[in-house]
Number of protein chains: 2
Amino acid sequence: MSRGPEKQFDPEVALAKAMKVFWARGYEAASLAELLEHMGIGKKSLYDTFGNKRSLFLKALDHYAQTEVKAIRDQLLAPGSPLENLEQVLQHLQQQHSLPGSQGCMLGTNIADFDTDEVEIASILRYHLQATEDAFCIAIDRAQKAGEINTAASSRNLARLLLCTTQGMALIGRVLEDEVLLRSTVEATLALLKTV
Amino acid sequence: MSRGPEKQFDPEVALAKAMKVFWARGYEAASLAELLEHMGIGKKSLYDTFGNKRSLFLKALDHYAQTEVKAIRDQLLAPGSPLENLEQVLQHLQQQHSLPGSQGCMLGTNIADFDTDEVEIASILRYHLQATEDAFCIAIDRAQKAGEINTAASSRNLARLLLCTTQGMALIGRVLEDEVLLRSTVEATLALLKTV
DNA sequence: GATAACCTATACCGATTGGTCTAAGTTAAA
DNA sequence: TTTAACTTAGACCAATCGGTATAGGTTATC
């Protein structure tokens with residue numbers, strides 16, 4: 001089982017497991033026992049490697065942003081038709097948040113979990129929301145200039161609308177068991193955007 | 001101070017206070033000490049009157065739906081121009097969730113806080129989301145038939161979109177300190193809806 | 001084989017949780 | 001004035017929390 005004096009478990013893998021627990025359960029509800037069980041390591045290893053529960057959470061939140069959120073942004077800014085990129089992102093989000101057991105967006109659930117007076121966490125959340133808004137804005141701007149979507153609102157305003165809508169989708173997907181509502185939302189969004 | 005063998009405090013007032021605490025802090029984070037302090041009653045009175053913490057929470061959640069959420073629905077279905085009603089609701093939500101210390105929508109924060117396996121709470125949340133969606137749908141349907149808003153999407157789909165968008169606004173308003181984002185969101189939403 | 005590094009498991013700690021219960025005080029009615 | 005209903009304050013309980021420390025086992029290197 002063990003491999004010697006070098007790290008006998010992969011911290012990246014353990015962090016990814018911790019991320020899933022925090023994502024699904026939230027910071028407070030994720031107990032150390034639950035984290036240890038899913039991470040498959042001992043309590044001492046956790047504290048030696050990640051500090052304490054809070055710093056483990058911050059690393060897990062960063063890991064989420066570097067994987068899940070960044071994938072969305074990359075897809076938005078991918079080469080090719082900006083409208084198609086937008087459509088694919090929205091449909092991907094719809095499918096993801098319609099899956100049974102969907103846990104929403106880790107940014108959104110933590111907005112709900114933490115107060116603003118938690119300045120460190122609030123600034124992390126704000127940063128990634130802003131980055132997502134900016135990616136939406138760039139894609140929309142390209143699509144508008146290509147004549148593919150509505151110009152009745154500025155790309156910046158539309159980007160902010162899409163940020164709110166997608167956060168709402170992620171949130172509501174947690175509690176609804178069918179995908180009808182999210183499907184309708186994406187359908188309506190695209191119909192409005194395409195009204196030229 | 002006391003008034004005799006009948007209730008010496010108003011349970012409705014105490015419940016409203018409890019609602020605010022649960023709204024602001026969430027179920028788990030709202031400690032009994034905090035609830036008692038804000039409600040201004042003793043621990044024994046709380047348990048005698050409201051049962052336990054969970055049943056107090058359920059009553060508080062119901063109280064929220066009967067006041068805050070119902071006000072939105074009533075405004076949507078008020079007589080007069082359906083488009084104006086919609087505009088007023090969106091602007092009212094924007095202002096409310098832009099206030100410093102805004103705590104979002106109590107439905108939304110609890111969607112984030114509870115897992116779906118909490119069937120009693122999940123069904124309450126689903127019920128009020130559905131009622132809100134229906135109110136949006138009726139208002140939109142009226143506005144479409146009056147030729148006031150876009151018919152590129154069905155009233156049902158647009159209602160679901162507005163439900164997601166407003167939940168996202170309430171959520172994001174918790175963490176942003178200025179009202180720019182929510183203002184842009186409402187502006188874009190109305191611009192798209194009015195594109196005929 | 002000894003050593004050092006890493007691991008899991010677990011005992012233990014102080015603090016806090018929701019909840020129960022008792023004691024003492026207040027007020028209206030009999 | 002006695003009684004009953006209601007109150008607050010707070011002692012108390014078992015359970016759980018995050019976190020620390022210790023003990024014992026495994027493996028690679030020397």
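Chain letters run A, B, ... following the sequence lines, proteins first and then strands; every chain starts at 1.
- At whole-Å resolution of the value, CG in A/Asp48 and C1' in C/dC6 are 9 Å apart.
- The distance between atom CG of A/Leu46 and atom P of D/dT20, rounded to the nearest whole Å, is 11 Å.
- In this structure, A/Gly51 reaches neither bases nor backbone, as no heavy-atom distance under 4.0 Å exists between it and the strands shown.
- In this structure, the side chains of A/Ser98 and A/Gln95 stay at 4.5 Å or more apart for every pair of heavy atoms.
- Salt-bridge check for B/Asp134 with B/Arg156: passed, with a basic side-chain N closer than 4.0 Å to an acidic carboxylate O.
- Taking atom CZ of residue A/Phe50 and atom P of nucleotide C/dC7, one finds them 10 Å apart after rounding to whole Å.
- The salt bridge (Lys or Arg N to Asp or Glu O under 4.0 Å) test applied to B/Glu28 returns no partner, not counting sequence neighbours.
- Relative ring orientation between B/Tyr27 and B/Phe114 is described as tilted, the plane-to-plane angle lying within the 30° to 60° band.
- Salt-bridge formation is detected for the pair B/Arg174/A/Asp115: a Lys NZ or Arg NE/NH1/NH2 atom is positioned less than 4.0 Å from an Asp or Glu carboxylate oxygen.
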> Which nucleotides of nucleotides 9-18 of chain C have their base under 4.0 Å from a protein heavy atom (B), which only their sugar-phosphate (S), and which neither (-), written as one string 5' to 3'?
Replying inline: --------SS

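- Where B/Ser45 and A/Arg54 each meet DNA chain D at their nearest nucleotide, the meeting point lying more 5' is that of B/Ser45.
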Exercise answer: donor-acceptor pairs, residues 77-89 of chain B side-chain atoms, under 3.5 Å, sequence neighbours excluded:
unit_1, atom_1, unit_2, atom_2, d
B/Ser81, OG, B/Leu83, N, 3.4
B/Ser81, OG, B/Glu84, N, 3.0
B/Ser81, OG, B/Glu148, OE2, 3.4
B/Asn85, ND2, B/Ala78, O, 2.8
B/Glu87, OE2, B/Lys194, NZ, 3.1

